[in-house]
J.: 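Structure provided below as structure tokens; questions to follow.
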Amino acid sequence: MVCSALRRVAHAHICLVRRASHVCRGHQHRAWGSRPAASDVAARGAPGSVLELLGKSYLQDDHTNLTQKVLSKVGRNLHNQRHHPLWLIKERVKEHFYKQYVGRFGTPLFSVYDNLSPVVTTWQNFDSLLIPADHPSRKKGDNYYLNRTHMLRAHTSAHQWDLLHAGLDAFLVVGDVYRRDQIDCQHYPVFHQLEGVRLFSKHELFAGVKDGESLQLFEHGSRSAHKQETHSMEAMKLVEFDLKQTLSRLVAHLFGDGLEIRWVDCHFPFTHPSFELEISFRGQWLEVLGCGVMEQRLVDSAGAQDRIGWAFGLGLERLAMILYDIPDIRLFWSEDDRFLKQFRLSDINQKVKFQPLSKYPALTNDISFWLPTENYAENDFYDLVRTVGGDLVEKVDLIDKFEHPKTHRTSHCYRITYRHMERTLSQREVSHIHQDIQAAVVRQLGVEGRF
């Protein structure tokens, strides 16, 4: 869980995540700057129609809100493409855990899962993680649903319960995750997470502790800001210490020794106590991951009642943008060799700084409209702009809100910034795309245009 990420899944999760096993047939990746076909603009099928994805069929309903723009990313698996910057971050983390944590027989303690399907059930994504039925992170406006029971995972934590239930007690999960969000250089509907989980038995946790045989993992107590009601204070303190030591070593491995860090208390539905790790980087504090002591109810429900554990999550794009000076999240999807060749390193730990491609000029166009009386969600607008404008859209800013004094109708005005990452755009081609957005907004969102 990257914590900004964690907060957004409505504070729901230890971020990391996911991936897709192979490309959805018929949805090939569009090149930078190419305009979407008409079918891309209205990709949602009618209720009762069937959506084919990763070799399985899903009956669409009134909850289906996938677009071809998003579907075209399923199966790209950037984190598994050799020498891609996200692959480099994943491999550096994996190498660190393999070397630092070894099991009884000399094999790695942590197993790695980086090819799990991104299609999960809503139970996996929410209920298994103790996220309440009325939690705002479940909103249709924030997630991509295949139907009411299946969705593209919003975090890699969606696999946590299944892996624990399978008997695993130390693992990393890596993959792509999907969330509807604002449009700017740091947000994209698809990003990648890496999550870690470790459980301890009583013997493992108290080994080496003086009189450890007399200590207990559990008690019947009360919940406080510092512990869960079922955990003994001794067990909680040891788990928290191990978690923070593990993550301190990890960021030192990634950023170098001497790094100044701090821990910030926070809240996630499936850990308590919970923390965010911030690093001092180039004069400012940056949040890089979220973590905490796992909720015992979650651990118990997965069949590990005799164990206690921790979990953490981080965002691969966020780390790569910091470590490699990558300024725009859209670049991770570029197939331009001028970008990709910069990360073809002989050693994954080699230091590298992204050398920017020529900065092509931006073009801006405004769009304003009266909102419908109900059922308008800003993320629907952002999703539509991404679908029509593709990766030519650099950011969208709400620059004005107006309420008519007599009719009380509300008007929004947005400024859309267009910039091609690899060539100069003409105002003429941007105008065509902008007109398509205007038409789609009226047709699909029920707004009244003021253009």
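For this chain, numbers begin at 1 and follow the sequence in order. Small disclaimer: the values here were computed from a predicted structure and weren't measured.
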J.: I'd like to know whether R148 forms a salt bridge (Lys or Arg N to Asp or Glu O under 4.0 Å) with D62, so could you lay out the CA-CA distance, the side-chain angles of the two residues, the decisive distance to 0.1 Å, and finally the verdict.
T.: CA-CA 8 Å; R148 285 188 172 272; D62 60 349; 3.1 Å; yes
J.: So, are R198 and D169 salt-bridged, with charged N and O less than 4.0 Å apart?
T.: no
J.: Can you check side-chain hydrogen bond (donor to acceptor under 3.5 Å, both in side chains) on T271 and E295, steps first, answer last?
T.: CA-CA 5 Å; T271 57; E295 280 286 354; over 6 Å; no
J.: Is a side-chain donor or acceptor of N147 paired with a backbone partner of Y58 at a separation under 3.5 angstrom?
T.: no
J.: Can you see which heavy atom on I131 is nearest to which on N125, and at what distance?
T.: CD1-O, 3.9 Å
J.: Can you confirm whether more than 12 heavy atoms, excluding those of K94, are under 6.0 Å from its NZ atom?
T.: yes
J.: Minimum heavy-atom separation for L323 and L254, please, with both atom names.
T.: CD2-O, 3.5 Å
J.: Please determine whether side-chain hydrogen bond (donor to acceptor under 3.5 Å, both in side chains) holds for the pair H220 and E229, giving the CA-CA distance in whole Å, both sets of side-chain angles, and the decisive distance to 0.1 Å.
T.: CA-CA 6 Å; H220 296 289; E229 59 274 24; over 6 Å; no
J.: Scan side-chain atoms only and decide if D436 and Q438 contain a donor-acceptor pair under the 3.5 Å cut-off.
T.: no
J.: Is the H434 ring parallel, tilted or perpendicular to the Y418 ring (thresholds 30°, 60°)?
T.: perpendicular
J.: Look at R386 together with D391 and state whether they make a salt bridge at an N to O cut-off of under 4.0 Å.
T.: no
J.: Can E52 and K56 be counted as an ion pair, charged N to O under 4.0 angstrom?
T.: no
J.: Test D162 against H165 for side-chain hydrogen bond (donor to acceptor under 3.5 Å, both in side chains), laying out the working first.
T.: CA-CA 5 Å; D162 290 323; H165 190 63; over 6 Å; no
J.: Identify the heavy atoms of K139 and Y145 that sit nearest to each other, and give their distance.
T.: O-CE1, 4.0 Å
J.: Is it the case that the side chain of D337 and the backbone of L340 share a donor-acceptor pair, with hydrogens and angles ignored and the cut-off at 3.5 Å?
T.: no
J.: Between D328 and K359, is the closest basic N to carboxylate O distance under 4.0 Å?
T.: no
J.: With no hydrogens and no angle check, is any side-chain donor or acceptor of S157 less than 3.5 Å from a backbone partner on Q160?
T.: no
J.: Just checking, any donor-acceptor pair under 3.5 angstrom between side chains of S49 and Q60?
T.: yes
J.: Using every non-hydrogen atom in the two residues, find where Y188 and K69 come nearest and quote the distance to one decimal.
T.: OH-NZ, 3.3 Å
J.: Under 3.5 Å, is there a donor on one side chain and an acceptor on the other for D181 and N379?
T.: no
J.: Under the side chain to side chain contact (heavy atoms under 4.5 Å, CB included) rule, collect the residues that match up with E95, sequence neighbours excluded.
T.: K99, H253, I348, N349
J.: For R297, which residues count as a salt bridge (charged side-chain N to carboxylate O under 4.0 Å, His left out) partner, sequence neighbours excluded?
T.: none
J.: With sequence neighbours left out, write down each residue that passes side chain to side chain donor-acceptor pair (under 3.5 Å) with Q228, or none if nothing qualifies.
T.: none
J.: Classify the ring geometry of H404 against F402: parallel below 30°, tilted from 30° to 60°, perpendicular beyond 60°.
T.: perpendicular
J.: Not counting sequence neighbours, which residues clear salt bridge (charged side-chain N to carboxylate O under 4.0 Å, His left out) with K227? List them please.
T.: E219
J.: Would you find a donor on one side and an acceptor on the other, under 3.5 Å apart, between the side chain of E91 and the backbone of L88?
T.: no
J.: For Y376, enumerate each residue passing the side chain to side chain donor-acceptor pair (under 3.5 Å) test, keeping only those at least two apart in sequence or located in another chain.
T.: Y414
J.: Using the side chain to side chain donor-acceptor pair (under 3.5 Å) criterion, which residues pair with Q342? Sequence neighbours excluded.
T.: none
J.: Looking at residues at least two apart in the chain, or sitting in another chain, which of them share a ring-ring contact (aromatic ring centres under 6.0 Å, His included) with W87?
T.: H83
J.: State whether a side-chain donor-acceptor pair under 3.5 Å links E317 with H192.
T.: yes
J.: Would E394 and R330 count as a salt bridge (Lys or Arg N to Asp or Glu O under 4.0 Å) here? Give the steps.
T.: CA-CA 8 Å; E394 181 174 88; R330 293 176 298 163; 3.3 Å; yes
J.: Would a line drawn from the ring center of F268 to the ring center of F312 be shorter than 6.0 Å?
T.: no
J.: Among all residues two or more places apart in sequence or in another chain, which pass the ring-ring contact (aromatic ring centres under 6.0 Å, His included) test with W263?
T.: none
J.: Taking side chain to side chain contact (heavy atoms under 4.5 Å, CB included) as the test, write out the residues that go with D306, two or more places apart.
T.: none
J.: Test of understanding: with side chain to side chain donor-acceptor pair (under 3.5 Å), list the residues that count as partners of T410, not counting sequence neighbours.
T.: none
J.: Side chains of Q68 and S72 only: does a donor on one sit below 3.5 Å from an acceptor on the other?
T.: no
J.: State whether a side-chain donor-acceptor pair under 3.5 Å links Q296 with T230.
T.: no
J.: Under the side chain to side chain contact (heavy atoms under 4.5 Å, CB included) test, which residues partner P327, sequence neighbours left out?
T.: L331, F354
J.: With sequence neighbours excluded, what pairs up with I399 under the side chain to side chain contact (heavy atoms under 4.5 Å, CB included) test?
T.: D366, D397, C413, R415
J.: Of the options L199, L243, L247, which is the one that meets W310 in a side-chain contact (heavy atoms from CB on, under 4.5 Å)?
T.: L243
J.: Write down the atom of S137, the atom of N143, and the distance for their closest heavy-atom approach.
T.: O-ND2, 2.8 Å
J.: Can you find a side-chain donor-acceptor pair between S411 and R450 that sits under 3.5 Å?
T.: yes
J.: Rounded to the nearest 0.5 Å, what's the gap from CZ on F97 to CZ on F110? Could you check?
T.: 5.0 Å
J.: Any idea which heavy atoms bring L53 and L71 closest together, and the distance?
T.: CD1-CD2, 4.0 Å
